[in-house]
Amino acid sequence: GAGVSQSPSNKVTEKGKDVELRCDPISGHTALYWYRQRLGQGLEFLIYFQGNSAPDKSGLPSDRFSAERTGESVSTLTIQRTQQEDSAVYLCASSFPTSGRTQARNEQFFGPGTRLTVL
Amino acid sequence: RKEVEQDPGPFNVPEGATVAFNCTYSNSASQSFFWYRQDCRKEPKLLMSVYSSGNEDGRFTAQLNRASQYISLLIRDSKLSDSATYLCVVNVVGGYQKVTFGIGTKLQVIP
């Protein structure tokens, strides 16, 4: 079946512009995550959606970052007034919900990422 | 102290060698543990889950030590294709899933 898809695959923008990144999770996956990965660095958790629960926004680095999710489907990550330090690969992942599941069902499936370059 | 700590490496090992990585976690409520693999400029992919009794998948063996709060990954008979970054992942499941990734350990297998 189809995996997690993200668009665009690459985005080059000018400092100060807003950008919107999109993630389509695997059908049936109610959990969705956004991560940021700077060049040569580890994954940095940004935000987590689980069904209709309030999202965990604890990883968002500033109020310029926001994310929305429509039900249990598409999610968009918006970065306003982009800065050069926002340049990174933004990864989206989805998984089944964990409640009552075996550990194996916690596996996160990642999309290919969006490479954002802020000039 | 970081929630999940890994030695970033790089670990440079010859083909055929055995190599082991450790990962320590700080939250004793952690319940699920995984190793992911990330190839250069690619997204992470699940390598294996880590179970309490330890588990093996071919040349790969994962262990969990709850008392000392660490997990390990052992790779036997290293192949060139094993060259990648290995990410330790820890879940604290409590009403919802809180996932923390380690920074990753880079492995380079040398011919």
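Reminder, nothing fancy here: chain letters follow the sequence lines and each chain counts from 1.
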Checklist entry - With only heavy atoms counted, which part of A:Tyr35 is less than 4.5 Å from chain B, the side chain, the backbone, both or neither? => result side chain
Checklist entry - Just how far is it from atom CG of B:Leu46 to atom OG of A:Ser95, taken to the nearest 0.5 Å? => result 11.5 Å
Next on the checklist: Take a 6.0 Å sphere around CD of B:Glu15 and say whether it holds more than 12 heavy atoms from other residues, nucleotides or ligands.
Outcome noted: yes
Next on the checklist: Counting neighbours of CD on A:Glu85 that are heavy atoms of other residues, nucleotides or ligands and sit closer than 6.0 Å, is the number greater than 12?
Outcome noted: yes
Next on the checklist: Side-chain heavy atoms nearer than 4.5 Å, only ILVMFWY residues, links allowed to pass through others: does that put A:Tyr33 and A:Phe110 together?
Outcome noted: yes
Item to check | ILVMFWY cluster, B:Phe60 and B:Leu80 together (side-chain gap under 4.5 Å) | outcome: yes
Checklist entry - Got a sec: does the CG of A:Leu39 have more than 12 other heavy atoms crowding it under 6.0 Å? => result no
Checklist entry - In terms of heavy-atom pairs under 4.5 Å, which option from B:Lys106, B:Gln38, B:Met48 contacts chain A the most? => result B:Gln38
Checklist entry - Is there side-chain contact between B:Phe101 and A:Gln108, with at least one heavy-atom pair below 4.5 Å? => result yes
Checklist entry - For A:Gln37, is it the side chain, the backbone, both, or neither that has a heavy atom closer than 4.5 Å to a heavy atom of chain B? => result side chain
Next on the checklist: I'd like to check A:Glu107 versus B:Tyr36 (side-chain heavy atoms, cut-off strictly below 4.5 Å). Are they in contact?
Outcome noted: yes
